[in-house]
Amino acid sequence: MIVRRLVVFGGTGDLTGRYLLPALAALYAAGQLDDRFALTAASREDWDGARYREWAAARLDEHGADFPADVRRAVTAALDYRRADVTDPVDVAAAVAGEDPVAVYLALPPALFPATVTALHEAGLPRGSRVVLEKPFGEDLAGARELNRLLADLVPERDVFRVDHFLAMTTVQNVLGSRLANRVLEPIWNSTHIAEVEIVWDETLALEGRAGYYDHVGALKDMVQNHLLQLLCLVAMEPPLTLGERDLRDRKVDVLRSVRPPTDYDVVRSTRRARYVSGRAGGHDVPSYADEDGVDARRRTETFAEIVLELDSWRWAGTRFRLRSGKALGADRMEVAVRFRSVPHLPFGQDKDVRPNVLRFGLDPESLSMDLTAIGSRIETLTQLSLSARMEGPALPAYGRLLWDVLTGDPALSLRGDEAEEAWRVVEPVLSAWERGLVPLEEYPAGSDGPPPRHTTPGRRDDLLYEETVIPTD
């Protein structure tokens with residue numbers, strides 16, 4: 001069943017203006033929405049419908065300028081606005097009022113989710129309605145469990161969409177496509193052949209006015225706990241029988257359950273946290289994070305997070321999974337890099353100079369490449385080759401795909417309740433150790449490669465890239 005009513009709580013926020021409105025324009029341009037569709041935005045601003053449509057038109061001019069003018073007019077014509085306190089059942093009931101099913105999108109800070117879901121429960125929703133929540137889902141494991149309980153009292157699980165737009169990115173889905181549609185890859189997709197998988201989202205952007213949200217979250221919760229763990233699931237999952245919501249999400253949960261719970265020792269040895277100090281990134285001067293507007297330096301919020309995880313499974317025993325994200329770095333690097341083990345023997349006498357093969361899934365911009373070793377211009381001389389493929393742009397942007405899945409009722413690319421809880425189980429030991437000061441908060445200049453590499457102990461194997469650290473015991 002297609003739902004043709006969308007209510008967005010937080011309808012004047014950056015998420016709505018930057019992503020949701022252009023996503024609707026993409027759906028109109030593709031012919032998937034028509035004049036039967038309607039969107040009601042709800043927020044605290046004392047606006048009327050005309051004022052909101054002016055604001056929305058300006059956002060579309062800014063973030064959706066590539067769409068034809070008639071498409072943008074179609075989007076604004078479908079919009080209405082209602083001033084509302086999203087935690088007040090009376091205001092919420094007025095926003096969702098109607099007999100037809102409605103999709104309610106919580107484009108809100110996570111701290112407001114429980115109160116808004118409670119208000120929705122008191123207000124009541126028409127049968128067949130759906131609820132959409134942005135990441136992060138809850139603020140910790142206990143919060144995620146409580147939020148799941150509140151949602152279960154509101155609508156069936158199949159009508160809850162815990163969305164992560166990374167899962168709707170074409171290249172992210174291509175991780176599965178490349179694995180499962182090519183006989184050459186799947187037989188070697190295991191720890192026998194793969195030494196390490198790097199899942200990286202490094203960006204030159206600093207806060208860009210998001211201190212009000214980011215300073216309460218940090219890099220680990222903002223990126224690693226959700227986006228990067230979702231990528232880990234797609235890389236490491238067993239082949240599902242189908243890409244339907246049950247089979248796909250069951251296999252993703254299996255991956256999260258297989259992550260070895262890190263001990264304090266593991267956290268100290270194989271995680272890092274840092275924040276940027278003043279420098280130059282992205283072509284402009286960047287102040288120290290602690291001096292950014294809206295930042296409370298006493299929170300010691302990290303802008304760089306890296307964790308190394310191990311999976312207790314037959315397929316992946318002995319492979320490292322390195323998840324890393326940082327802001328205000330010297331270069332944008334968004335990719336999944338699958339690093340294969342070295343060959344056991346080379347007859348060329350150059351064993352020390354040969355780099356292992358690497359398969360790279362570029363996330364932004366979208367790309368696919370493979371680093372190989374071959375004979376160079378001279379006999380018995382090895383050289384590095386990079387085979388790359390151009391990726392066609394997606395038919396729909398990620399948020400366009402997610403909105404269409406919500407409206408048509410396909411939850412395959414959203415997180416199931418148990419999956420959201422398992423993701424918190426993975427990172428909570430890291431958060432706990434960090435809060436207790438077991439891992440120092442390092443610093444790195446804006447525009448650099450991040451915190452300087454740690455030195456390994458001489459004579460140790462190079463697969464442990466961090467210093468041995470003695471953790472005091474009681």
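The structure presented is a predicted model; accordingly, all values stated were derived computationally and were not measured.
Geometric assessment of R162 against the ring of F137 yields a positive cation-pi assignment under the 6.0 Å and 45° thresholds.
In this structure, K327 pairs ionically with E203, as a charged nitrogen and a carboxylate oxygen lie closer than 4.0 Å. A salt bridge links E186 to R315: one of the charged nitrogens lies within less than 4.0 Å of a carboxylate oxygen. For the pair R72 and D61, the salt-bridge criterion is met [side-chain N within less than 4.0 Å of a carboxylate O]. Ion pair R260/D266 not flagged as a salt bridge, since none of the NZ, NE, NH1 or NH2 atoms sits closer than 4.0 Å to an Asp/Glu carboxylate oxygen. A salt bridge is defined here as a Lys NZ or Arg NE, NH1 or NH2 lying under 4.0 Å from an Asp or Glu carboxylate O, and D247 with R251 fails to meet this definition. Classification of D222 and K135 as a salt-bridged pair holds, one side-chain N sitting under 4.0 Å from a carboxylate O. With respect to E422 and R425, a salt bridge is recorded, a charged nitrogen being found less than 4.0 Å from a carboxylate O. A salt bridge does not link R416 with E157: none of the charged nitrogens is closer than 4.0 Å to a carboxylate oxygen. We find that R275 and E302 are not joined by a salt bridge, their nearest charged nitrogen and carboxylate oxygen being 4.0 Å or further apart.
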N357 vs M370, side chain to side chain contact (heavy atoms under 4.5 Å, CB included): CA-CA, chis, key distance, verdict: CA-CA 7 Å; N357 304 135; M370 182 74 178; 3.7 Å; yes

Show, in sequence, the C-alpha distance, side-chain angles and deciding distance for F340 and H193, and conclude whether the ring pair (Phe, Tyr, Trp, His ring centres under 6.0 Å) test is met. CA-CA 6 Å; F340 292 87; H193 301 282; 7.8 Å; no

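Minimum heavy-atom separation, H63 to G17: CD2-O, 3.4 Å. Taking each heavy atom of A78 and F37 in turn, the nearest pair found is CB-O, 3.6 Å. Contact detail for T204 and A281: the closest heavy-atom pair is O-CB, 3.8 Å. Across all non-hydrogen atoms, the minimal contact from D215 to G294 is OD2-O, 4.2 Å.
The closest donor-acceptor contact from the side chain of R179 to the backbone of M237 lies under 3.5 Å. Listed for the K221 side chain is no donor-acceptor partner under 3.5 Å among the backbone atoms of P136. Remark: the backbone N or O of A290 is not paired with any side-chain donor or acceptor of S288 at under 3.5 angstrom.
Residue R246 qualifies as open at atom CZ: its count of foreign heavy atoms under 6.0 Å is 12 or below. No more than 12 heavy atoms of other residues, nucleotides or ligands shown are found within 6.0 angstrom of CZ on R257. Applying the 6.0 Å contact sphere to OH of Y19 captures no more than 12 heavy atoms from other residues, nucleotides or ligands. With a 6.0 Å radius and a threshold of 12 heavy atoms from other residues, nucleotides or ligands, D66 has its CG atom at or below the threshold. In D449, the CG atom is not crowded: 12 or fewer heavy atoms of neighbouring residues, nucleotides or ligands sit closer than 6.0 Å.
Between the side chains of H165 and R401, no donor-acceptor pair is found at a separation under 3.5 Å. Between the side chains of W314 and S191, no donor-acceptor pair of N or O atoms lies under 3.5 Å. A donor-acceptor contact closer than 3.5 angstrom is absent between the side chains of D371 and Q384. For the 3.5 Å distance criterion, the side chains of T303 and Y214 fail to qualify, holding no donor opposite an acceptor. With no hydrogens or angles considered, a side-chain donor-acceptor pair links E134 and Y105 at under 3.5 Å. Looking only at atom types and distance, the side chain of E306 has no donor-acceptor partner in the side chain of T271 under 3.5 Å away.
Atom-to-atom distance recorded for D164:CG and L402:CG is 8.0 Å, nearest 0.5 angstrom. Here F67 contributes atom CZ and L24 contributes atom CG; the two are 10.0 Å apart, rounded to the nearest 0.5 Å. The distance from atom OG of S369 to atom CG of L387, rounded to the nearest 0.5 Å, is 8.5 Å. Rounded to the nearest 0.5 Å, atoms CG (L403) and CG (L6) are 6.5 Å apart. Note that CG of L180 is 10.0 Å distant from CG of L185, once rounded to the nearest 0.5 Å. Taken from CG in L141 to CD in E146, the straight-line distance is 12.0 Å, to the nearest 0.5 Å.
Looking at heavy atoms from C-beta onward, L15 lies out of side-chain contact with L108 at the 4.5 angstrom threshold. Residues R322 and E198 have side chains in contact (heavy-atom distance under 4.5 Å, counting atoms from C-beta outward). T116 is not listed as a side-chain neighbour of F113, based on a closest heavy-atom distance of 4.5 Å or more.
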